Amino acid sequence: MDLVFRDAEVVDGSGAPSYRADVVVADGRITSIVKEAAAAGCQRPRATRELDAEGLVLAPGFVDMHAHSDLALLRDPEHTAKAAQGVTLEVVGQDGLSYAPVDDRTLDEVRRAITGWNGHGDDIDFTWRSVGEYLDRLDHGFGGEGIAVNAAYLVPQGTVRMLAVGWEDRKATPQELDRMRELVAAGLREGAVGMSSGLTYTPGMYAEDAELTELCRVVASYDGYYCPHHRSYGAGALQAYEEMVALTREAGCALHLAHATMNFGVNKGRAPELLTLLDDALAAGADITLDSYPYTPGCTTLVALLPSWASEGGPEAILARLRDDDTAERVRHHTEVVGADGCHGVPVEWDTIELSGVTDPALSSYVGRTVARSAEEHGEDPWVTARRLLVEDRLGSTILQHVGHEENVRTIMRHRVHTGGSDGILRGDKPHPRAYGTFPHYLGRYVRELGVLSLEECVAHLTSRPAARLRLADRGLVREGYRADLVLFDPATVAAGSTYEAPRTLPTGIPYVLIDGRFVIEDGRRTDVLAGRAIRRGH
């Protein structure tokens, strides 16, 4: 398709001031940029189609650095949750748990472990086992046409440990560590861009720092990056950040901090301490970036709040412990009184835990209520309610955790190595609105309404900065020769439509989105174009 955007206000992703231009797209790339074409009086570029962009901003497509669309990309050809936001690339394989590399045993285990994130996958034909086969499947989704948006993949360390060690809380043997090194290396050779961890999720959290450092050495040898959900975002959060910085420095590996937040009451107002830690490490030569979402609540599974010892052995072992009254009482004590490592070392406050989704429709009346409120309605202790939900929903319940602080959110998003990541879980009756609203919420709320970021600065956070982390040589900027992954939005009206009450409402003010020069959103509507492909390391 030959196309010219006429008189667009170009925010090119570099952070430089915007400019007015005609921008020409042909054969999937930006072929010409004529600045101030109207004022210059020069010959205007012509194309098969001319689109009047007066009053609209033309920017690179947004990169979601933390997505949970691993199965959604193969389940939903429209995938409007992301396409309508202007997202042209998602990074999946997050938090140390995903669907490759696996064998038959671990595939079943990981499907059960993250049912709350992605559903069980009964509607998916799991024809792959390796990372390369999963990426190939993305390339040839929906009858070979492709997928809605581009996707990059991180080798999930927890899944790797599941394959090599199992669900045991112990140190890996030398032979098991060698196997994990081989699995990580194979995934990177096959196209993964790095490795993720979920260090408050089992079994990945059972890995000691020495084990993680050795795996990071492998990642570094392939010029990838390490993306940890680290050991605490609550009590001891700064120490957990320091741990990740130290081990990646020792391994010589680039570090990308997932959903970099400072949550719970113990961390209110402490974001500047985190940024000082990062600034000191950057000044000393560390290669660090981070992502965050522009909301205060977090989102995870209900079972994730439990202590790690209760999760040893996998999903069936967890359910057996919860069914046993004496063991369940120990779980309650650690969760409510001691502060479980699964809940970031902070005693759970049930009035902050809102059910966002269940897998058993018979439990749907709990969705949209906090555990504390449901317990009150049933005349019982909150733990009784939580335990019943865990057992009856077979660990599939998802939650919103209302423990964040607005001042921390704003402080962190201003940092020069910040990028955007939705951490969007698309399943459940009442998902977190960030899944459908992160990127327009940045532009509407934090740029236009609050002025926390300038428009040019915010677009750089969402485009060129993540593209640089992913080592993408021809994406993330509006430049001649770059791929035409582009978004055209109205800076006066762009906003997230999604709310906590109506979380699947699509955004406003984003009429056009292109991937490889093809419209995936046109006149504000999803087209039938499937232009997305797997983005492999080094490409």
Side-chain angles (χ1 to χ4, degrees), residues 62 64-72 76 79-85 87 90-92 94-95 97 114-119 198 200-201 229 233-234 258-264 291-305 343-344 348-359 364 366-371 373 389 393 396-406 408-409 412-413 419-446 462 495-507:
F62 305 137
D64 188 343
M65 286 295 287
H66 193 100
H68 288 286
S69 304
D70 309 50
L71 298 186
D76 177 13
H79 199 41
T80 52
K82 296 303 177 68
Q85 293 186 60
V87 171
E90 298 183 276
V91 185
V92 297
Q94 299 285 352
D95 294 331
L97 290 166
I114 53 176
T115 293
W117 294 356
N118 297 307
T200 65
Y201 300 129
H229 164 130
Y233 292 83
H259 38 58
T261 57
M262 295 286 287
N263 287 339
F264 302 90
D291 66 65
S292 75
Y293 46 82
Y295 299 86
T296 52
C299 180
T300 187
T301 56
L302 184 60
V303 68
L305 304 181
C343 194
H344 309 278
V348 70
E349 297 175 338
W350 294 115
D351 60 349
T352 69
I353 306 302
E354 177 187 353
L355 263 289
S356 60
V358 291
T359 56
S364 60
Y366 290 91
V367 174
R369 291 174 166 82
T370 66
V371 172
R373 179 182 170 189
L389 283 164
D393 208 28
S397 303
T398 53
I399 61 169
L400 301 186
Q401 196 168 11
H402 296 271
V403 293
H405 307 287
E406 179 67 18
N408 284 350
V409 170
I412 290 169
M413 74 169 63
T419 68
S422 72
D423 196 12
I425 294 175
L426 301 170
R427 303 290 288 181
D429 295 327
K430 195 173 178 286
H432 197 305
R434 68 193 185 192
Y436 283 74
T438 287
F439 296 87
H441 199 48
Y442 268 119
L443 296 167
R445 176 70 172 156
Y446 289 92
L462 307 181
S498 59
T499 64
Y500 294 102
E501 293 72 30
R504 287 192 169 87
T505 306
L506 296 179

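What you see is a predicted model; the values in this text were computed from it and never measured.
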Atom [atom1] of [X] and atom [atom2] of [Y]: how far apart are they, to the nearest 0.5 Å?
X    : Y    : atom1 : atom2 : answer
T296 : N263 : OG1   : CG    : 8.5 Å
Q85  : S422 : CD    : OG    : 6.5 Å
I425 : S69  : CD1   : OG    : 10.5 Å
L305 : C343 : CG    : SG    : 5.0 Å
L443 : L462 : CG    : CG    : 6.0 Å
I399 : T300 : CD1   : OG1   : 6.0 Å

Closest heavy-atom pair and its distance - [X], [Y]:
X    : Y    : value
D429 : S364 : OD2-CB, 4.0 Å
A260 : S292 : O-CB, 4.1 Å
Y500 : P297 : OH-CD, 3.0 Å
P507 : A84  : CG-O, 3.3 Å

*If we ignore angles and hydrogens, is there a donor and acceptor under 3.5 Å between the side chains of T370 and D351?*
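Checked: T370/D351 side chains show no N/O donor-acceptor pair below 3.5 Å.
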*Kindly indicate, with the supporting measurements, whether the criterion side-chain contact (heavy atoms from CB on, under 4.5 Å) is fulfilled by T438 and D64.*
CA-CA 9 Å; T438 287; D64 188 343; over 6 Å; no
Given 3.5 Å as the limit, does a donor-acceptor pair link the side chain of [X] with the main chain of [Y], or not?
X    : Y    : answer
T398 : G357 : yes
E90  : D70  : no
T505 : S498 : no
T80  : A83  : no
R504 : L426 : yes

*Flag yes if more than 12 heavy atoms outside R445 fall under 6.0 Å of its CZ atom; otherwise flag no.*
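Check fails, neighbour count at 12 or below.
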_Derivation and outcome, ring pair (Phe, Tyr, Trp, His ring centres under 6.0 Å), residues F264 and H405_ = CA-CA 8 Å; F264 302 90; H405 307 287; 8.6 Å; no
Would you say that [X] contacts [Y] through its side chain, given a criterion of any heavy-atom pair below 4.5 Å between the two side chains?
X    : Y    : answer
Y201 : I114 : no
H68  : D423 : yes
T115 : T359 : yes

*Do the two ring centres, one from Y233 and one from H229, sit under 6.0 Å apart?*
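Close enough - the centres of the two rings lie under 6.0 Å apart.
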*Non-neighbouring partners of T301 that pass side-chain hydrogen bond (donor to acceptor under 3.5 Å, both in side chains), sequence neighbours left out*: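 Per chain and number, T301 pairs via side-chain hydrogen bond (donor to acceptor under 3.5 Å, both in side chains) with no residue.
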*Would you verify whether the NZ or CZ of R434 falls within 45 degrees of the ring axis of Y295 while also being under 6.0 Å from that six-membered ring's centre?*
no
*Check E354, H432, Q401 against C299 for a side chain to side chain contact (heavy atoms under 4.5 Å, CB included) and give me the one that passes.*
H432
*Run the side-chain hydrogen bond (donor to acceptor under 3.5 Å, both in side chains) check on D291 and T419 step by step: do they pass?*
CA-CA 5 Å; D291 66 65; T419 68; 4.9 Å; no
